[in-house]
Each structure stands twice: as structure tokens, then as C-alpha cells.
Protein chains: 2
Amino acid sequence: MSAAAPAPRPARATIADVAKAAGVSKATVSRFLNHRERLLSPDIAARVEAAVAQLAYTPSPMAQALSHGRSRLIGLIVADITNPYSVAVLRGAEKACQDAGYLVMLFNLGNDIDREREAINALAGYQVDGFILNTLGRGAGLVDADALHGKPAVLVDRRHAGMHTDFVSLDNAAAMKSACSHLVDGGYRELLYITEPLKGVSSRRERTAAFGDCVTAHEPRVAGEVYESTGDDGDGLDAALRALHKRAKRGKRAAVLAGNAVVTLRVAAAMARLGLRFGEDIGFVGFDDPEWAPLIGPGLSAIAQPTEEIGRTAATCLLERLRGLEGPARQLLLPGELVVRGSSGGG
Amino acid sequence: MSAAAPAPRPARATIADVAKAAGVSKATVSRFLNHRERLLSPDIAARVEAAVAQLAYTPSPMAQALSHGRSRLIGLIVADITNPYSVAVLRGAEKACQDAGYLVMLFNLGNDIDREREAINALAGYQVDGFILNTLGRGAGLVDADALHGKPAVLVDRRHAGMHTDFVSLDNAAAMKSACSHLVDGGYRELLYITEPLKGVSSRRERTAAFGDCVTAHEPRVAGEVYESTGDDGDGLDAALRALHKRAKRGKRAAVLAGNAVVTLRVAAAMARLGLRFGEDIGFVGFDDPEWAPLIGPGLSAIAQPTEEIGRTAATCLLERLRGLEGPARQLLLPGELVVRGSSGGG
DNA sequence: TTGTAAGCGTTATCAG
DNA sequence: CTGATAACGCTTACAA
């Protein structure tokens, strides 16, 4: 035996290697792998199978994508990966995709609206088969249909004006209604809904509108206001809460509704600053049910979103479209669940 | 004008289209794009440039990957995307990668150890240029060097036994030391460190070992114990805390240290169950500083990890290797920061 | 049933 | 400086 050069790196086996090992053509190997239905002579099939196993051959998805046009890749664009809601959705979607043999390519916008197009183009470059979009949904970044390069997409949580695509989200109206009813039933009469700036974000607008409807439905017994909180408006928020508390003192019990977990955090901080106690001084219910909700004060009541299911549903929608499903854009609104804790309990 | 057939979909322009439009060869276009340094005649350059702009041409990363062998893709494997720590790291890494022109392919293990290999193979299939690994780091899944298909990798937070790769993490020993010193200085004498089951996870072991060292350093003035909490051991945890509290009553102040945010959550729940108050009945410091830490009781003291920087550093390490940096595996330990709040304040 | 050969969109080698 | 041409790994008509 001659001293073999130290094999550099036994590069991944290619289809050609398999073909040679099995003594057949590349085409045959390819057929064995893809069109299992059309029988090949058992003899050859066995030889190919053996060669594949022996060489631990795995097709290169890149080459397949280039040739066949399909990448088994799904592009997932997320407005802000810092947001636990987005992550929870991502998790559900990613799992469903993996289970279906797709890989997820993630693009995080970091709340930078200008990157929306960039993200789509980058992902489209990798020939993703479809998109799951949880984008900003406002302003100029608006993804129009043909920016998608003709690929199917699903919108999560935020709709875009003129887009003809499937849409998956919490049933905001129903969720808000159950929260309001709960508070009103509990004797709360002064309601304050605190939301992040609407800015044309569909989910925020829907929740705010639903809040208005709920209040209207109970007027004049119940009064409601909306406050848009920006995150650097500590004073404004404090003032709004103080005013609410004052109204409560005049005999009406008052409660805050928070539009999402971020706002909940701000409200909790403000309440601490003001020395107000959840449940006792002011009632509280928030959208989103983070793991820490039970641990703040007497426990925060919350509307739990089926985040994981939302993600899974979005992925499923997309996968169906990829399998060729035609038909008009669908709207899937999933129900939230009100979790009652001390902050809105009897008192 | 003849009625043009409704152009089906003006498929992305290819390099051939550009070449034709500019009246040059594909090779020339490719050179114009990649080897800008080697001048081409200004005339041709201008023509190509115009054609590229006119057709809005973008190279196909897939084809580039196939041909040139580089994908500009980074594979990021995360043990559990539900874990905010992982997400924070991911965020930092993803940003650094994007800034360097790389895209991140995400694979979430969902804590399923068996998928470690699967993940690497899937990612390797897409020709990722390198890996960032925040994996389970225990048991059989152990990623060995050649499973990586010869591609560079960086380990985050958890080391693997025999792997010769860069490693980025919190400086666990120093962080633990500062936490312990803080508690001892504050008069706490009975310390209980609660960690998730060690199971050979390097970061957990390092922290536990450092805790032991700290206690030893202060003996016999200070006593310390370790409790491994599994998540379904509510009773055990309660008992451990009750025992600690009892020791506190005998005149020595007692404090809990939590090994990460998950444990912190468990401890907070247990304290609530037992009617114990942070800071007053039992002192507390936890690893990780989640956004809700200031809102639990009098505020939870915490060791804030520079998560985003850890992610960024990991990405940077990897990118350097991709640029050809040689040399031995590096270890980057980043300092944590102790944030003191009410749970370990004077009192 | 199986093999041959022509792409898919790039890059790289090698002549001119 | 520029243009053919051969890879890269795979799929898929088209032949045999």
C-alpha cells in the first residue's frame, strides 16, 4: 500500500458518487429518491439503496432548489424578536414547518420599518417557498403583493391594507369584549384602555375600536377612555393613572386595560411609582399572559393568546398554499382566554 | 403594437439577461460584480452597470453557493427558543450577522436533545458557512468536530467536552463571586443556591462550583447549600425554602441565589405559596435580569448578563474565522453586572 | 426501466 | 481586458 495522502476531507457524497457506487446513472438515483412510486427494477433499487446508505448520502437542498425551483425554505419575518409575543408565534410556526420538512429562515426587522423590503428581497434570493410575515404593518414599508415575487404569504397579527393573503390572529374583538364584560361584572365603572400608539397598526386599532364598542354598549353606566403610551412618557402615564384613581375615589371603581405585555410592564412600573395597588386601588386586565403575570402583586389578570397555535396555524395555512390550495384569502381568528387573578378579583 | 401575451411573471433577471442586455459575456458581468478591483474598460463597465440597474438584477445566492461554495448563511442552533436568554443572544448574533451581510438560519431544538445532529445536518445541507451553537451540551447529542462538516463554529454559554472551537459566555465565576460577596456584605449568613439539574451542563456546573468556592472562602462565618430544582418538584422546593427560613430565624439572615430566570420564577412562585417576602424574610439574588425583575415584590436583585453583547461577540468570532483567522480556540468571558434592588437591600 | 444530456444561475480557468 | 467553457449537484425531458 502506498502512503495515501492525508485525505483532505471526504467531501459530502454527491449523487454522482452514489451513481458510480451503485453502477447506475445519476438519473436513476434521482428517480429512486424522488419518484419512489414509479417502480425501478428491484435489483437496481436495492443497489441504489445500499449505495445511499453506504455513503450516507443526503441530497444538497441548494442544488435541488436551483434545479427544481423549490427550496423547502420558509421565510419568517418578525417585526421585533424582543417581543415575547413574536417569539411565541415564531416557536409555533417553526415547529410546524420543521415537522413538514421545511426549514425556517429568520429575518428580524428590529422594528426598523425600512428593512421590510430588504428582508423580503434577501429571503426571496434564497428562493424561499413562502413567507410568514409578522411585520410592522404601517407606513411606507407596506409589502405589496408583487414584492413577494409571486410567492405565497401569511400575515400574522397585523394586516396590510391591500394584501390578498391569508391572515391569522387573535380574535381581538371577542377578547376585548370578554375582558370588558369581566370588569363590568366585577363592578368596575371607570375604564382606561392603554395602548401603544395606534400608528395604523391593525391589531392596535382593532382592540381600541372594540374597547370603544364595549364601553358604548354599557353606557352610561360605564365610562371609558383611551390613552396612547409611548414608552418615554412616564409622566403622562402617571397622570392618566392618577386621574383614573381620582375618579375611582368618587365612588366608582376604576380599572386599567393594557393593550399588550409591553404596556402591562409600563403600567406596573407606574403603579409602583404612584404607590397604587393592583386590585385594591385599581383593577387591571392586560392582553398577553406572560409567565410573570401571577407574580406581580396579587397576580395580574390577563387575556392569554394562543400564541403557539397562532404560529402553527399560520404555518399550516402557508403549507396548504404551497401544496397548491387555491381560493380566496382566509381569515383565521383564534380565541383568547381570560385568566382571572387578583388584580381584577372581587374586592 | 401587437397585443402582448399577459407576461406570466417577469422572472428575476439572471446574469445571462444582464450580459445580453449589455452586449457582453456572463463572465464579464460576474467580474464587474465581484472583482471590482481589476478594472474593466470604463465603456464596458458603464454598460454593465446600466444593464444591472435597468433589470434590477440581484445575484442568486443559491447559485453562488452552489458554484463558489459560499452561502453567506450562518446556522444558529438554539437549545430552547422559549428561553429569553437564548433569544437575547440570538438577537445580538443575528444583528451582527446581518450587518456583515450574512443571513441567519435558525434551528430550534425545543430542548430535544436528539435533534442536535439533525439540526447540524440540515443546516450543513444548506451550505451554511458556519455555526453558532447554543445547544444542550450534554448527553449523547454531543456535537463532535467532524459532524460540523469542517465548518467553523462558536459555542455560546455551554461548552462541549472535546471541542476545539471558540467559546463565548458570561464570566460565571466572577458573577457568582460578586453576588455572594454582596449578600455576605449585606449580612446574609445562610445561603441556598438553587439551580436547574446540573446534568453535565457546563454553565450550571461552573456556577455551582463557583458558589461552593465562595462559601468556602467565607467559612465558617457563612454556610451554603445547593438545591437542584426540576420544575415538577414544587414540594421539594418549598421544603428547601422553609428549611432555609427556619435557619434564618435562628438569628442568621438567609438568602437564596437562583441559577437563572427560570429558577427565579419558580422561587418567586414558591415564596408566594409560602407567604414569604423577598428581602424581609429571605434575601434574594438571581442570575439573569428579566424586565419584570423590578416589579416582583420590592424588586428582585439580579446579575444582568450582557446577552446582546454575548451574541454579537459570538457572531464576530465566527465571522473572523470565516475571514480566515487561524489560531487556537478562544475563550471570551464577558462580565455580568450586579443590579441591586429591594430583595437583597439593607433591612 | 434506464441512460444521456440539457439546463438551473454563478464563478473560475484558460485562452485569446 | 474579455469571452468561451467547464464545473457546482441536482432534476427532468428525451431517447434507447
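We name chains A, B, ... by the order of the sequence lines, and we start the count at 1 in each one.
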Q) When rounded to the nearest 0.5 angstrom, what is the spacing between CG in Asn134(B) and CG in Leu76(B)? A) 8.0 Å
Q: Find out whether Arg31(A) and Thr28(A) are in side-chain contact, i.e. whether some heavy atom of one side chain is under 4.5 Å from a heavy atom of the other.
A: yes
(Q) I need the full list of side chain to side chain donor-acceptor pair (under 3.5 Å) pairs touching residues 118-128 of chain A, with sequence neighbours left out, sorted by first then second residue. (A) Asn121(A)-His149(A)
Q. Nearest-Å distance, CE (Met62(A)) to C1' (dC8(D))?
A. 12 Å
Q) Rounded to the nearest Å, what distance is computed from the CZ atom of residue Phe32(A) to the P atom of nucleotide dT1(C)? A) 15 Å
Q. For nucleotides 3-16 of chain C, read 5' to 3', which letter fits each nucleotide if B means a protein heavy atom sits under 4.0 Å from the base, S means only the sugar-phosphate is that close, and - means neither?
A. BB--BBBBBBB---
Q: Could you tell me whether Asp129(B) and Arg70(B) make a salt bridge, using a distance below 4.0 angstrom between a side-chain N and a carboxylate O?
A: no
Q. Taking the side chain as C-beta and beyond, is there a heavy-atom pair between Val89(A) and Asp157(A) under 4.5 Å?
A. no
